[in-house]
Amino acid sequence: MDLALLRTFVTVHRAGSFTRAAALLGLSQPAVTSQIRTLERQLGRPLFLRQARGVTPTTIGDELAHKAAPHLDALVEITETGLDDESSLRTLHLAGPPEFTAERALPALTELTGEDGQGYALRASFGNAEETLEGLAAGHHDLAISTARPRGALLTASTLCDEEHVLVAAPKWADQIGSGEALKTGRSVKRAPAIENVPVIEVHESLPFVSRYWASVFDSRPAAPGTVVVPDLRAVLACAVAGAGLAVLPRYLCAAALERGDVVALHEPTVPPLRTYFLVVRTGTLAMPHIARAHEWLLRAAADWC
């Protein structure tokens, strides 16, 4: 059986689409369709059911993928290992949310770009979860950091770390609401109306961070709209330090400001709200040593981020 046909088959199986598989393989969609039909004729059985959006594997298709994929991945690993010598410059393409990628992932991965990094070159792209996962699925990135766990067989996710969220503001606001006693005791925000008069700083008009915090901790919705809306958490922190209002921020991002007293925590819930990050790859690409090494490196580094 032609290995090229099996490679195309496994790619279609993981992608769930002839179109997406063609993009990953660098082939035209008719070429992919032709190869799958050839394989189906050789086997005498249908491997996929064609649907309006993509394809679904038949039972035979699932069985063949289960048997063939590990061997194809092993062949890729052998090939890539042979090419991965000290003279080759391997480029790693990473995508993720701007703040977490800049503050956490990139500083960790830059350790791989020196003399001990075996010739790594690093390229980064920023985007939200939907954008980064779509780019990864399309083959534009090697690794993606996402706050959403992907579905389907094309992408494989590993839990990276949990991010604690903190309700913060400049000290003047804590003074104005009486040091936030009602908040610190964990009572409903409705019992602390003073905080509803504090302007809100957010990354989007929908107040994603503040709304999630209010729902999780106070079982309610924030009453105030966003006074300052800027699409970068680092800018949100800068505005909070300047006294523009309250914000909900990842603890890693505001820890230094809290320690200096530039901002204070307005609330300290027993169970703080958390957001989980996932490290995502296209299924099978961990057979490539430069991707596998970066993947392992980030997982190890993340053990100190929690």
Side-chain angles (χ1 to χ4, degrees), residues 73-74 76-129 131-150 155-166 232-238 249-260 274-306:
D73 291 343
V76 171
E77 183 175 6
I78 292 171
T79 303
E80 291 292 329
T81 302
L83 294 174
D84 193 30
D85 55 37
E86 293 182 357
S87 63
S88 62
L89 181 66
R90 304 311 303 266
T91 300
L92 180 79
H93 295 268
L94 173 72
E99 305 87 359
F100 186 88
T101 305
E103 300 289 331
R104 292 297 204 191
L106 287 176
L109 286 176
T110 51
E111 297 182 39
L112 296 177
T113 61
E115 291 184 2
D116 295 335
Q118 298 181 0
Y120 269 64
L122 184 60
R123 302 289 183 269
S125 301
F126 297 150
N128 59 35
E131 292 167 343
T132 56
L133 292 179
E134 285 182 356
L136 179 66
H140 301 315
H141 318 306
D142 299 315
L143 290 172
I145 297 171
S146 171
T147 54
R149 183 187 288 275
L155 303 179
T156 301
S158 302
T159 300
L160 189 59
C161 66
D162 289 325
E163 169 186 271
E164 178 186 347
H165 287 177
V166 188
D232 190 299
L233 288 173
R234 292 162 293 191
V236 170
L237 173 59
L249 292 167
R251 182 171 290 278
Y252 78 85
L253 194 62
C254 63
L258 285 167
E259 186 175 350
R260 292 191 302 265
L274 300 175
R275 182 168 68 165
T276 300
Y277 284 95
F278 300 96
L279 184 58
V280 191
V281 297
R282 287 188 305 282
T283 302
T285 57
L286 287 180
M288 301 180 183
H290 71 297
I291 297 178
R293 187 161 186 251
H295 185 272
E296 180 183 1
W297 195 272
L298 282 176
L299 290 178
R300 287 207 311 262
D304 298 325
W305 299 342
C306 301

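We use all heavy atoms of the structure for the numbers below, so side chains are in, but hydrogens, waters and symmetry mates are not.
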Least distance between heavy atoms, [X] atom then [Y] atom:
X	Y	answer
T113	T110	OG1-O, 2.6 Å
P107	A102	CD-O, 3.2 Å
L92	A294	CD2-CB, 3.4 Å
V280	P150	CG1-CG, 3.7 Å
Y120	H290	OH-O, 2.6 Å

Measure the shortest side-chain to side-chain distance between [X] and [Y] over non-hydrogen atoms and say whether it is less than 4.5 angstrom.
X	Y	answer
H295	S158	yes
R234	E103	yes
S125	E131	no
L299	L160	yes
T159	F278	yes
L258	R251	yes
L122	L112	no
Y277	R104	no

To the nearest 0.5 Å, what is the distance between [atom1] on [X] and [atom2] on [Y]?
X	Y	atom1	atom2	result
L253	H165	CG	NE2	10.0 Å
N128	T147	CG	OG1	8.0 Å
E259	C254	CD	SG	12.0 Å
L133	I145	CG	CD1	11.5 Å
E99	E163	CD	CD	9.0 Å

Looking at the rings of F100 and W305, which for Trp means the six-membered one, are their centres under 6.0 Å apart?
-> yes

By side chain to side chain contact (heavy atoms under 4.5 Å, CB included), which residues pair with H93, not counting sequence neighbours?
-> T91, R123, D142

Can you tell me if T101 uses its side chain to pair, donor with acceptor, with the backbone of P98 under 3.5 Å?
->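 Such a contact is absent between T101 side chain and P98 backbone.
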
Check: R282 side chain, H141 main-chain N or O, donor-acceptor pair, under 3.5 Å = yes

Those residues that, when tested against T276, pass side chain to side chain donor-acceptor pair (under 3.5 Å) (two or more places apart) | D162

Taking only residues two or more places apart in sequence or in another chain, which ones pass side chain to side chain donor-acceptor pair (under 3.5 Å) with T156?
-> T283

Could you give me the CA-CA distance, side-chain angles and deciding distance for L143 and V281, then say whether side chain to side chain contact (heavy atoms under 4.5 Å, CB included) is met?
-> CA-CA 5 Å; L143 290 172; V281 297; 3.1 Å; yes

